[in-house]
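Working notes, beginning with the structure itself.
By convention in this document, chain letters (A, B, ...) are assigned in the order of the sequence lines, proteins followed by strands, and residues within each chain are numbered from 1. All figures in this text were calculated on a predicted structure; none of them were measured in a lab.
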Number of protein chains: 2
Amino acid sequence: MNQSGMRHDRRLPPTAPPSLAERIRLEMESFTPSEKRAAHLLLSHYPFAGLDTVAEFASRAGISAPSALRFVTRLGFSGFPDFQKHLREELEAQLLSPLAKAGPADKSQGAPALSSFSEAVIGNLRATVENIAPAEFEAVVTLLSDPRRHIHFTGGRFTGALARYAESHFRIVRSNVDFIEGQPALWRDRMIEIGKKDVIVAFDIRRYQEDVTALCETAAKQGATIVLLTDPWLSPIARVARHVLPAHIVAPSNWDSSAGLLLLTEALVATVTKRLWETAKPRMEAVERLRSEKA
Amino acid sequence: MNQSGMRHDRRLPPTAPPSLAERIRLEMESFTPSEKRAAHLLLSHYPFAGLDTVAEFASRAGISAPSALRFVTRLGFSGFPDFQKHLREELEAQLLSPLAKAGPADKSQGAPALSSFSEAVIGNLRATVENIAPAEFEAVVTLLSDPRRHIHFTGGRFTGALARYAESHFRIVRSNVDFIEGQPALWRDRMIEIGKKDVIVAFDIRRYQEDVTALCETAAKQGATIVLLTDPWLSPIARVARHVLPAHIVAPSNWDSSAGLLLLTEALVATVTKRLWETAKPRMEAVERLRSEKA
DNA sequence: CTTGTTTTGAAATTTCTGATACAGGTTTTC
DNA sequence: GAAAACCTGTATCAGAAATTTCAAAACAAG
């Protein structure tokens, strides 16, 4: 496809794979809407999505079989079997060469913003994991796995969404879970029933929000256990928190990144779900059943 | 239409599935001469030899098609397509999680769980970025940077939190931003003022939620532009969406991971903020001012 | 050498997949 | 605003692939 392309012979690996995926990405703009659907499906599950039958492929992409056919024809294949053969061969070649695994670190893409941003976020995740004390993580898991505890999630302006995310999962895994809005007017009255059996999981990163701090301080005063997910500079809530899990948040953006907090949240959800599996499983099944009934 | 015949199981923890190759090696002794030929061919080019047609496979093994068929039947498959499907799935699972393959189910707790979980999430992020078409990302940025557009965020049970997260940032960067609850009762009346100038940014991953789909379909019918953030299997919303950004979501958990979606969201926020900086800066400063006044 | 059993492949059959023609609908262009 | 060009899905068909049938070949035991 590319003798017209740049001859910037950068000493490519012996197998300079003109991956079909790459070509599709480049030609993406010139595709019709249906073709784009097909392309997206294929790229997102590359190359396995293309190994099924045309009908299956088309249906998953949300298009008709003929459109799928036109898509592969447009890519230069003589038919669907030809297309599949190419995918298989490419896959085999790639699997046999261990270095192909490293991935195309091609900066030449049109969205350097996205790829450099993601590298920064990945760095944050690694740093976050490294700096978490295993015992602390473990302690939080144990705390959240105790069915007798009441768990309340809360957060600030931006982190509130993370608290909701956590709550929506834990609510299914176990009982006695809720979400508390940050504004004092909304939680003042609920505080009367917060006590030693309660756990507050608070999300708070810089530009620490006073109302969240106030909530935690009040709850702590009443004997609740506070778990804090925050940034490395530690929200003032840390002073009243029993457990603190800090996450790195600096990204090449005018905003902080919450990916590290989300990682911790999801890891907590995963681990607690595993630990409470005996009781969580029937609950999850029940939710599933309700879903399908409504459908 | 859906091969997920297993409605009961709930994406079990990553217990290392016994590779078919392994089983064949064990049962080798009990095979007939023809079956041994088939087995040897398959093992020598595992699993690609099995991805061709029966005829091809049989011919390469030096046996007849019926013998090849008997071979796969004997392995417990209902037919050749079934056999091939298994090979593909095994291959995909192995390729997508190079690390999950070694782990004989980490029943362990705390830190090991956290670090392996984070590696999986990092893999998701890389895969997500690689599979985003730069032009698509760019197009979405342009769309969201258009001050004349109204932007509405929405999402499902879990992804709603991400939509809120996005909304809370964009709300500051630009005007005409809001969040729409997924339940039809809550948005039905708002639909009358949705039109060509509106953009719906929908978050929806598997166990796709019908109310979100309905919302998008209604909005699309009225001329709104739909941007969809979903998983690689594509929510049905993709059918009415102008732009689709898929993120990888499979993690060693009973739940899917939304980290990829968050990454895309934050990257969009960062890029749009940069692009609208002239107008975004004073807005951000104003918010800051209000904050400190209240303090 | 005969007989009963197992293994095997050629050919017939059935199933399903890939391909095509055509028509309705949409967008573009003038 | 009308016409042309272009997409896209439905219906249909041709052909290939998988599967079954059945009889011949290989083998083992008597």
Side-chain angles (χ1 to χ4, degrees), chain A residues 27-42 47-88, chain B residues 1-3 27-42 48-88 139 195-196 217 219-226 234 236-244:
Chain A
E27 293 182 32
M28 182 65 81
E29 288 165 286
S30 67
F31 289 151
T32 71
S34 281
E35 286 168 346
K36 278 188 189 169
R37 299 246 177 80
H40 277 130
L41 174 65
L42 181 59
F48 300 96
L51 262 35
D52 270 306
T53 64
V54 194
E56 183 76 14
F57 179 73
S59 143
R60 287 207 203 176
I63 61 180
S64 70
S67 291
L69 250 328
R70 283 187 278 263
F71 172 66
V72 304
T73 306
R74 195 180 195 298
L75 291 173
F77 298 101
S78 68
F80 208 74
D82 185 31
F83 166 69
Q84 291 188 317
K85 189 168 164 240
H86 177 92
L87 288 182
R88 283 204 308 267
Chain B
M1 56 185 293
N2 63 353
Q3 70 283 30
E27 294 182 34
M28 183 66 82
E29 294 310 314
S30 68
F31 290 151
T32 72
S34 285
E35 287 169 347
K36 277 186 189 169
R37 289 183 149 194
H40 280 131
L41 172 66
L42 181 58
F48 299 97
L51 261 34
D52 271 307
T53 65
V54 198
E56 183 76 13
F57 178 72
S59 141
R60 293 234 266 160
I63 61 178
S64 70
S67 291
L69 239 335
R70 281 188 279 264
F71 171 66
V72 304
T73 306
R74 196 178 195 300
L75 290 173
F77 298 100
S78 69
F80 208 75
D82 187 31
F83 165 69
Q84 292 187 316
K85 190 173 158 232
H86 177 91
L87 288 182
R88 285 203 307 265
K196 285 197 202 302
E217 279 171 351
K221 214 166 291 173
Q222 310 220 12
T225 304
I226 314 289
L234 302 191
I237 296 173
R239 283 180 297 143
V240 297
R242 175 80 58 89
H243 302 289
V244 180

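The nearest whole Å value for the distance from the CZ atom in F83(A) to the C1' atom in dT17(C) is 15 Å. Here the P atom of nucleotide dA19(C) and the CZ atom of F80(A) are 8 Å apart, to the nearest Å. The distance between atom NZ of K36(B) and atom C1' of dT7(C), rounded to the nearest whole Å, is 13 Å. Regarding R70(B), its CZ atom lies at a distance of 10 Å from the P atom of dT7(C), rounded to whole Å. In this structure, L69(B) places its CG atom 14 Å from P of dT8(C), rounding to the nearest Å. Between the CZ atom of R37(B) and the C1' atom of dT8(C) there is a distance of 11 Å, given to the nearest Å. As rounded to whole Å, 16 Å separates atom P of dT27(C) from atom CD of E35(A). Rounded to whole Å, atom P of dT8(C) lies 12 Å from atom CZ of F71(B).
Salt-bridge check for E217(B) with K221(B): failed, with every basic side-chain N at 4.0 Å or more from each acidic carboxylate O.
In this structure R242(B) satisfies the side-chain hydrogen bond (donor to acceptor under 3.5 Å, both in side chains) test with no other residue, sequence neighbours excluded.
In this structure, S64(B) does not reach the dT8(C) phosphate: none of its side-chain N or O atoms is under 4.0 Å from OP1 or OP2. For dT8(C), the OP1/OP2 oxygens have a side-chain nitrogen or oxygen of S34(B) closer than 4.0 Å. The phosphate of dT8(C) has OP1 or OP2 within less than 4.0 Å of a side-chain N or O from T32(B).
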Intermediate values then yes/no, side chain to side chain contact (heavy atoms under 4.5 Å, CB included), R37(B) and F71(B): CA-CA 10 Å; R37(B) 289 183 149 194; F71(B) 171 66; over 6 Å; no
Audit row: R88(B), D52(A), side chain to side chain contact (heavy atoms under 4.5 Å, CB included) steps and yes/no: CA-CA 9 Å; R88(B) 285 203 307 265; D52(A) 270 306; 2.7 Å; yes
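The aromatic rings of F83(B) and F77(B) stand perpendicular to each other, their planes meeting at an angle above 60°, with 30° marking the opposite boundary.
Contact detail for A139(B) and H243(B): the closest heavy-atom pair is CB-CE1, 3.5 Å.
Protein chain A touches strand DNA chain D; the 5'-most and 3'-most nucleotides with an atom under 4.0 angstrom of its non-hydrogen atoms are dC7(D) to dT10(D).
Residue A55(B) is in sugar-phosphate contact alone, with no base atom involved, counting any heavy-atom pair closer than 4.0 Å across all strands shown.
Using modelled atom types, no side-chain atom of Q222(B) and backbone atom of G195(B) make a donor-acceptor pair closer than 3.5 Å.
With dT8(C), dA10(C), dT17(C) as the candidates, the nucleotide lying closest to the side chain of T53(A) is dT17(C).
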